[in-house]
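Letters go in sequence order (proteins before strands), and every chain restarts at 1.
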Amino acid sequence: MEYSFREIEQKWQAFWKENNIYKANINPEKPKYYVLDMFPYPSGAGLHVGHPLGYIASDIYSRYKRLKGFNVLHPMGYDAYGLPAEQYAIQTGQHPAVTTSKNIARYREQLDKIGFCYDWSREIRTCEPDYYKWTQWAFIQMFNSYYCNDEHQARPVTELVEAFSEQGTEGLNAACSEELKFTAAEWNAKSEKEQQKILLNYRIAYLADLKVNWCPALGTVLANDEVSEGVSVRGGHPVEQRVMRQWSLRVSAYAQRLLEGLDTIDWTDSLKETQRNWIGRSEGAEMSFKVKDEDLEFTIFTTRADTVFGVTFMVLAPESELVEQLTTADQKQAVEAYIAATKKRTERERIADKRVSGVFSGSYAVNPLTDEAIPVWISDYVLAGYGTGAIMAVPAHDSRDYAFAKHFNLPIVPLIEGCDVSEESFDAKEGIVTNSPKTGAERRGGLVLNGLTVKEAIAKTKLYIAEKGLGRVKVNYRLRDAIFSRQRYWGEPFPVYYKDGMPYMIDESKLPLELPEIDKFLPTEQGEPPLGRAKAWEIDGYPLELCTMPGFAGSSAYYLRYMDPQNDKALVSTEANEYWRNVDLYIGGTEHATGHLIYSRFWNKFLFDLGVVCEEEPFKKLINQGMIQGRSNFVYRIKDTNTFVSLNLKEQYDTTPIHVDVNIVSNDILDVEKFRNWNPEYKNAEFILEDGKYICGWAVEKMSKSMFNVVNPDDIVEKYGADTLRLYEMFLGPIEQSKPWDTNGIDGVHRFLKRLWSLFYKGDEFIVTRDEPSAEELKILHKTIKKITYDIENFSYNTSVSAFMICVNELFALKSSKQAVLEPLVILLAPFAPHVAEELYHLLGNQGTVCDARFPVCNDAYLVENTVKYPISFNGKVRFTLELPADMSKEEVERTAMSNDQTAKQLNGSAPKKVIVVPGKIVNIVF
RNA sequence: GCCCGGAUGGUGGAAUGGUAGACACGAAGGACUUAAAAUCCUUUGGCUUCACGGCUGUGCGGGUUCAAGUCCCGCUUCGGGUACCA
């Protein structure tokens, strides 16, 4: 019998499906293990060979855990809302729901071929009303909550209302957009509308006028993580700043917990570091500066309180509310012109343009420590959204302030002993402080920092300003609230209606609020979002929200829904949540480091505060799979001809490299006939060959259609089978490393499976015997068990595949086909190559499924070696080896080595200075 | 600029401080075959030698050590993330 993978794979895939082998149920008798893949956005292009990499890795782990006796939850679904389907709808009129379900069907077909152990009964799609009902529900809970900074958790807004009516803002410590102060009497006197407006300032889901990333080409607002270098991540369209009324989530309230939580989870250091940087905690001080000759003061934020004696000017962000107050009459025109010019520029232009710009406001601030009057400038290098939107500029010790001071000829006062600021600023937080205050400018009882280190000076200044009421210690975060409105059609509708211009939540009993049908997927003539086209988009006569939710809405809690996907009473039942708890192993790409992986953690923490979920962190362990790059092939056309020259001859001609479809190239040799048929342009192509072959050039590039280097897993499965694909993807290299896909090596793993098969069948004869295995055979088996177990636990799957190859090669060399060795081997292999393993498991006489076998355990007794091959080295260089008994003493090894003829030859008369014997390892003779 | 990763044969990669290059691809040679495919066997880092062997070798330069791909210091270079965050 031949290894006929097609037959085997179809047979067992059908068997698994019919017998619900991968159905997961709550079972308190067994420990749970939850393995999750980042669910895909079903794009029209289908899966390429890079996508399943992580899925195969998680599948192996799921199957391994099951063999180890765990009750494994391993679900899959689709992140079904998204821009591409909508853009396609605009172009073709095809409803995004239609495109999406077609794409999903295609994805499913491709996934099914690979033999994953997903429990498909738990499939979710974010665009299904049954699913997004709970996305809307969570939004309502966020609207009805505020974040209490004293209790460090979300609390009901009703508690806030109660507090306001009893004591106003007195004693309030809540996360908010703006610090407000009012009394109970003032609150109670306010109208419903005014009160609602104030509450928005505290709600976790809130509506506010914000400076947002507006992308005109997409016609929508984008979140910070959806914009990179001034253009949209999707499509690369320019993004500009615009103030708009938008829904936002107060993610910033959770900044500290998001930061601290990182210490409790098992993620890679680099990913944690990325999140830490994104959260961007910085400890500093807020300090108030009075405005000279005015009854005004404003607050700045600094992490370098120690440099307050070196402040030579102040800078406001152009968007700051203070600009209006501080601009004097004679500077008004200049300031307005500057602000107008700044507004016109897109984010991208501002980033690209490194030129210093700014304008003097006309006002002066007073340094509270020196009483010096210092000019207040306005410049776009200060951001409105960070800190207070105002800074004290210390050009000697901040490079941006330095550039500004140089440009506008402002004074630079160095504050560190011996630092040279003639060419650049001294930004390092080290050295001894001087000039603080300057000699002769000391004040009685004033702050003196001279002689201290920077660190000491910062601490002393903070203490001083707090005591004197000049400011306070403050922690700032770079993390911004997440803008949650999108002016698009294909997303979750907000469960929101408007009454008197104020937002209200629709009743939970009316959920889900379904996405309405519209005639065209474009904004209305009035520039409203597409939902403005929906008929009767209102509730009880009140208009509904026209924006929809962003892509990350549906992916923020999907891992919870898998625990209890059909529940229509709750997002997840307490029973299911308390059993499955959180994701034990999450596998996905690093590209979600600052988006999905922050939002999910936030969302989960919020639900944790509500008592809906029992674990504060959603993903205990996370592994990033590397990207699979493409390996492109090139042909070389001689310029202005239709003649192509083989790689090693191309230097003799003037050629243009042209991408050629990798699917018509094998081992870099071009199939010339297929090439002629590939494109009509090449029908009459001529070739200059070498050794009768056309050899292509190659390069590693992104896998994409335009490079003609896309490899479809379906084709691989068709030609070699799913088990070969699975093994080969793992064999390519460490899971977390990026590497190019090169189909060339695949024959190796396919040969391995054929050789494994040959241990069972010789021709049509089944040759497995029940004979007792020899010590040698048992050693081969147990060595493999040990290695595979270790490798799976450490996600080193590439070396596991090698270990299987070594094992089979060794058994093959011994012509060994014994049940007692092959059966454990088949079980070991089952997580990697489940189809062939299932077939062989049954051939060995087993019933049921190999998925429920018991993972073999290594018996070290079989691994004991009687002898050790000692490498004998001289001055670190190995010259020969000696085979000695394993239990030989150190002294005896030394004596044996020294008395050897070859040793005498190597020493050549010299006396050894030192002999190092590492028992069981090596001997090194130094002379 | 800053923060993370990498750099080992023609290629993908392996190696708790202890014989660098496991395993696999490719290549070369051979067996089987009328032939091809498949399969099997041998060789395969470089230089050198008829051969035994020798020299050299993990991006570069130093260092620690009996012993360094592995640890430390300083560079080069390639990926990825981030960008006026005060």
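Candidate nucleotides B:U19, B:C66, B:A14 were compared by shortest atom distance to the side chain of A:Thr799, and B:A14 ranks first. In this structure, the nucleotide among B:G81, B:U19, B:C66 sitting nearest to the side chain of A:Ile922 is B:U19. For A:Ile916, counting side-chain heavy atoms from C-beta on, the closest listed nucleotide (B:A86, B:C66, B:A14) is B:C66.
The phosphate of B:A86 has neither OP1 nor OP2 within less than 4.0 Å of any side-chain N or O from A:Tyr381. At least one side-chain nitrogen or oxygen of A:Arg755 sits closer than 4.0 Å to the OP1 or OP2 atom of B:C40. For the OP1/OP2 pair of B:A86 and a distance below 4.0 Å, the side-chain nitrogens and oxygens of A:Arg478 include no atom meeting the criterion. Phosphate proximity of B:C55 to A:Arg879: present, with a side-chain N or O under 4.0 Å from OP1 or OP2. At the phosphate of B:A14, OP1 or OP2 sits under 4.0 Å from a side-chain N or O atom of A:Asn798.
On the C1' atoms, B:G45 is 49 Å away from B:C84, given to the nearest whole Å. Taking atom P in both B:A37 and B:G29, one finds a spacing of 14 Å when rounded to whole Å. One C1' atom belongs to B:C50, the other to B:C32, and the distance between them is 33 Å to the nearest Å. Rounded to the nearest Å, the gap between the C1' atom of B:G13 and that of B:A22 is 10 Å. Rounded to the nearest Å, the gap between the C1' atom of B:A67 and that of B:G63 is 15 Å. B:A14 and B:U65 are spaced 31 Å apart, taking the P atom of each and rounding to whole Å. Comparing B:U39 with B:G6, their P atoms sit 37 Å apart, to the nearest whole Å.
Within 4.0 Å of A:Phe880, counting heavy atoms only, lies no atom of the nucleic acid at all. Residue contacts shown for A:Asn924 include a base, since a base heavy atom lies under 4.0 Å away. When heavy atoms are screened at a 4.0 angstrom cut-off, A:Ser282 is found touching the sugar-phosphate backbone but no base atom. Contacts of A:Val918 with the nucleic acid, taken as non-hydrogen atoms under 4.0 Å apart, include base atoms. As judged by a 4.0 angstrom heavy-atom cut-off over every strand, A:Asn809 is placed among residues touching the sugar-phosphate backbone only. Contact annotation for A:Ile806: backbone-only contact, meaning every heavy-atom pair under 4.0 Å involves sugar-phosphate atoms and none involves a base.
Between A:Leu781 and A:Leu825, the closest heavy-atom pair is CD1-N, 4.1 Å. The two residues A:Leu316 and A:Ala390 come nearest to each other via the heavy atoms CD2-CB, 3.6 Å.
Taking the six-membered ring where the residue is Trp, A:Phe426 and A:His397 present perpendicular rings, their angle passing 60° and hence far from 30°. Under the 30°/60° scheme for interplanar angles, the aromatic rings of A:His750 and A:Phe5 are found to stand perpendicular. Taking the six-membered ring where the residue is Trp, A:Tyr797 and A:Phe832 present perpendicular rings, their angle passing 60° and hence far from 30°.
For the pair A:Lys877 and A:Glu273, both in contact range of RNA chain B, the more 5′-proximal nearest nucleotide belongs to A:Glu273. Annotation: of the two residues near RNA chain B, A:Thr388 and A:Pro734, the 5′-most nearest-nucleotide partner is A:Pro734.
The interatomic distance linking A:Phe752 (CZ) with B:C40 (P) rounds to 13 Å, in whole Å. Atom CD of A:Glu2 is separated from atom C1' of B:A37 by 12 Å (rounded to the nearest Å). The distance between atom OH of A:Tyr477 and atom C1' of B:A86, rounded to the nearest whole Å, is 17 Å.
The strand RNA chain B forms stems, runs of 3 or more Watson-Crick or G-U wobble pairs with distances below 3.5 Å, at B:1-7 with B:76-82, B:10-12 with B:23-25, B:26-31 with B:39-44, B:45-48 with B:53-56, B:59-63 with B:71-75.
Checked for salt-bridge contact, A:Asp901 and A:Lys905 miss the test: no charged N lies under 4.0 Å from a carboxylate O. Of the charged side-chain nitrogens involved, none lies within less than 4.0 Å of a carboxylate oxygen, so that A:Lys754 and A:Asp747 do not count as a salt-bridged pair. Look at A:Lys786 and A:Asp860 and you find a salt bridge, because one of the NZ, NE, NH1 or NH2 atoms lies within 4.0 Å of a carboxylate O, short of that distance.
Side-chain N/O atoms of A:Lys921 and base N/O atoms of B:U16 include a donor-acceptor pair closer than 3.5 Å.
Checked options A:Tyr402, A:Phe404, A:Tyr386; the residue passing with A:Tyr381 is A:Phe404 (criterion: ring-ring contact (aromatic ring centres under 6.0 Å, His included)).
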For nucleotides 10-12 of chain B, tabulate all protein N/O to nucleotide N/O atom pairs closer than 3.5 Å, reporting atom names and distance.
unit_1	atom_1	unit_2	atom_2	d
B:G12	O2'	A:Leu732	O	2.5

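Proximity of A:His592 to A:Met38: side-chain heavy atoms (C-beta onward) are separated by under 4.5 Å at one or more points.
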